[in-house]
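Below: one structure, written as C-alpha cells.
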Amino acid sequence: PGAWLVQGGLMSTTIDKDTAFFYAKGGADKSKHGGPATIFEIQMGLLGRGADVSWLSELPDEAEILVGPLTGWELRRPRGGRRALRRAAR
C-alpha cells in the first residue's frame, strides 16, 4: 500500500465487474485460462478520469473506459479473492 503505478500508454478499463473478471481469466483465448491475474479496483478523481468509449465500441456492453497515458495510480489496500487478487487504486 502506498506504492505508485504509472501506465505508459492508454489503458482500457471497464466499470462492469463481469467484463473485468472475463478478461482477467484470459478472455476468449483458452490458452490463457488459469494463469495469474490482477484486477485493479479504481477510484477515479477529478484529474485521473478516463473517457467512456463504449459508444464507439463493437462491444458496448463491456462498458469500456479509456484512461490516458502517464496516468498515475496510488496503490491502496489489497483485497484477496479466490480467482484474482484485487488492488484498490486511486
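- Note: Leu59 CG to Thr19 OG1 = 9.0 Å, rounded to the nearest 0.5 Å.
- Thr14 pairs by the side chain to side chain donor-acceptor pair (under 3.5 Å) definition with nothing, not counting sequence neighbours.
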Step by step, work out the side-chain contact (heavy atoms from CB on, under 4.5 Å) result for Ile42 and Thr13.
-> CA-CA 9 Å; Ile42 300 170; Thr13 65; 4.2 Å; yes

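- Follow the hydrophobic side-chain contacts under 4.5 Å out from Ile65 and you never reach Tyr23; the two are in separate clusters.
- The distance from the CG atom of Leu66 to the CG atom of Asp52 is 10.0 Å, given to the nearest 0.5 Å.
- The shortest heavy-atom contact between Pro60 and Ser54 is CB-O, 3.5 Å.
- Atom-to-atom distance recorded for Glu64:CD and Glu58:CD is 11.5 Å, nearest 0.5 angstrom.
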With side-chain contact (heavy atoms from CB on, under 4.5 Å) as the test, would you mind laying out the steps for Leu70 and Val6 before giving the verdict?
-> CA-CA 6 Å; Leu70 303 178; Val6 176; 4.3 Å; yes

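- Considering every non-hydrogen atom in both Gly8 and Pro69, the closest pair reads O-CB, 3.5 Å.
- With hydrophobic clusters built from ILVMFWY side chains whose heavy atoms lie under 4.5 angstrom apart, Leu10 shares a cluster with Trp55.
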